[in-house]
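Here is the structure we will look at, set down as structure tokens.
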Amino acid sequence: MNGVEILLIIGLGIAVSALAKRRGVQPGLIIVVLAAAVSFIPGLPRLELESELILAIVVPPLLYSAARGAAFTSLGANLRPIITLGVALVVLTTAALGVITSWLLPTMGLATAFVLGAVLAPPDTITTVSHGGELGLPKRVTSILTGESLLNDATALTLFTIAVAAVSGDEATWAGGIGRFLYTAVAGLLIGLIFGVGTLWLRKRLHNATLETALVLLLPFTAFLAAEEIHASGILAVVLASFAVTTNLTFDPQHQYPGGHLTRLQEDAVWPVLDFLLETFVFAYIGLQLRFVLEDLEFGLGRTLIAAGVLLVAAVVIRLAAVFVLFGRWSLQWKMMRLKMERDPDFKLRFEQNVQKRRGQPFEPLPSKEILLVSWTGMRGILTLAAAAAVPADVEGRDAIQVIALVVTLGTLLIQGTTLRALARRLRIDLAAEQSQEASMRQMGSSIMAEVSGFEAQRNALGQAVVDRRLDEATARELIADIDRRQAAAG
């Protein structure tokens, strides 16, 4: 694939996305369908990249960008459902879909079947989160789905790496697989922590918005490649590095954006563009492979499509059942605990004291309407397609994996993606209480925020002046420092 072809794919993807958004349709769905149709043009050459290149270029920045929008406090308050959905459910889905695949396509082999299971396991919940306001999702549901999107990507790709190693004959035993999982996870997290803290340390010494933004843009790639170099999980390295920087482990706001407001403006503008370009490329790339993978199918088209249909239904049903069972169990436990607190004042006192010590609140189960929404957000997306494209060429059944991944992705986007908005409206989730509480909190802090917003407005004006080249960075930095001193004196 040469540079002209890549630019042509991205350019057409931009045009298609613009039309799709005007029509209120998911751009990725339209792009992959059109690209699949284009692949059947006679004489069209096959466009193919190295599998390692796809994972190394596409996945790290997408994961980092997703972590940027995560609120650390909200994730901590909903840690139990996030870990359950992002880790336990992904492992369960990978195992279940792997077993089903080995039954439907026995000649594929168990190890390759688990590769497919890991490819199909992670839902693209971050896409749902990006439209949470339009759908009317409560903030708590949005926080849970955001946290799930980060963990399920890391879990699925770690399982994917282990399964591919097993197909290649590396540590194919259960003990070897568990040992490899522990090593890749721990080593990946350690690499991510080192790179994240190191980036914060370097960032506060640059004092230049352009250099700071460039440093952060390199972070996901360097953390991923460094971890992969020692056979650790590059995905976990990227996730922890992103958390280290975006939540700022130094707990000093000046260390997070040392260059001031201009750095934040630049990063907020750069990352969405990078996300869009990468997602557009992957959707188009996997669609353009359709004719060629159909021609190379080893298991026959009919049998592969039947397997894809069964796995599509299984993926949807597994999430529905698992979410209702898990959240239903928590709901039952919470009701029993409330009943015991009503009957036993001493138990209630001890419970409240434990919560106060943790400086948090107990996990209260979601209402049934919100549980249904969470269970229906199982659309597969960019990660499934990228992982399918990243399966090594020497893996037997690779073409079947790509066809099944494409069918399942399109199927979930059509079945769940196009009905999620209607489901949210039909459920008519009442956000009045949540909005009333937010209004009360805003009113309580209005007098303080009025003064703070004045300082923030001045910072915004200075940052915009630098962007518009009406003011140089050095002068803007001095003026912002003066604003910080006045704000500290006022506080």
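The minimum heavy-atom distance between Leu312 and Ile415, with the atom names listed, is CD2-CD1, 4.1 Å. Contact record, Ser375 with Phe324: OG-CE1, 3.6 Å, taken as the closest heavy-atom pair. Considering every non-hydrogen atom in both Ile318 and Ala96, the closest pair reads CD1-CB, 3.6 Å. Between Ile31 and Ala284, the closest heavy-atom pair is CG2-N, 3.6 Å. What you find for Ile191 and Ala226 is that their closest heavy atoms are CG2-CB, 4.2 Å. Among all heavy-atom pairs drawn from Ala244 and Leu200, the shortest one is O-CD1, 3.4 Å.
Side chain of Thr377 to backbone of Val374: a donor-acceptor contact under 3.5 angstrom is found. With hydrogens and angles disregarded, a donor-acceptor distance shorter than 3.5 Å links the side chain of Ser39 to the backbone of Ala36. The closest donor-acceptor contact from the side chain of Ser242 to the backbone of Val239 lies under 3.5 Å. Using modelled atom types, one side-chain atom of Arg205 and one backbone atom of Trp201 make a donor-acceptor pair closer than 3.5 Å. Side chain of Ser102 to backbone of Leu110: no donor-acceptor contact under 3.5 angstrom is found. A donor-acceptor pair is defined here as one N or O able to donate and one able to accept, closer than 3.5 Å; such a pair exists between the side chain of Arg380 and the backbone of Gly378.
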*asked:* Between Leu217 and Trp271, is the side chain to side chain contact (heavy atoms under 4.5 Å, CB included) condition met? List the steps.
replied: CA-CA 8 Å; Leu217 283 173; Trp271 282 105; 3.8 Å; yes

*Going through the distances and angles, do Gln402 and Val391 end up as a side chain to side chain contact (heavy atoms under 4.5 Å, CB included)?*
CA-CA 9 Å; Gln402 292 190 345; Val391 175; 5.7 Å; no

_Leu211 and Leu215: CA distance, side-chain angles, deciding distance, side chain to side chain contact (heavy atoms under 4.5 Å, CB included) verdict_ = CA-CA 6 Å; Leu211 295 179; Leu215 177 65; over 6 Å; no

*Can Asn152 and Thr155 be said to form a side chain to side chain contact (heavy atoms under 4.5 Å, CB included), step by step?*
CA-CA 5 Å; Asn152 67 19; Thr155 304; 5.6 Å; no

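Note that CD1 of Ile162 is 12.0 Å distant from CZ of Phe114, once rounded to the nearest 0.5 Å. Note that CZ of Phe40 and CZ of Phe292 are 9.5 Å apart. Values are rounded to the nearest 0.5 Å. Note that CD1 of Ile404 is 7.5 Å distant from CG of Leu120, once rounded to the nearest 0.5 Å. Note that OG1 of Thr84 and CG of Leu92 are 11.5 Å apart. Values are rounded to the nearest 0.5 Å. Separating the CG atom in Leu218 from the OG1 atom in Thr213 is a distance of 11.0 Å, to the nearest 0.5 Å. Atom CD1 in Ile144 sits 11.5 Å away from atom CG in Leu373 (nearest 0.5 Å).
Contact annotation: the side chain of Val245 approaches that of Tyr64 to within less than 4.5 Å [non-hydrogen atoms, C-beta and beyond]. The side-chain heavy atoms of Leu116 and Leu105, taken from C-beta on, include no pair separated by under 4.5 Å. With contacts defined as side-chain heavy-atom distances shorter than 4.5 Å, the pair Ile230/Tyr183 qualifies. Counting heavy atoms from C-beta outward, Val408 and Thr384 have side chains that stay 4.5 Å or more apart. The side-chain heavy atoms of Val238 and Phe221, taken from C-beta on, include no pair separated by under 4.5 Å. Contact annotation: the side chain of Thr101 never approaches that of Leu104 to less than 4.5 Å [non-hydrogen atoms, C-beta and beyond]. Put simply, the side chain of Arg319 does not reach to within 4.5 Å of the side chain of Thr93, judged on heavy atoms.
Other residues, nucleotides and ligands contribute over 12 non-hydrogen atoms within 6.0 Å of the CD atom of Glu295.
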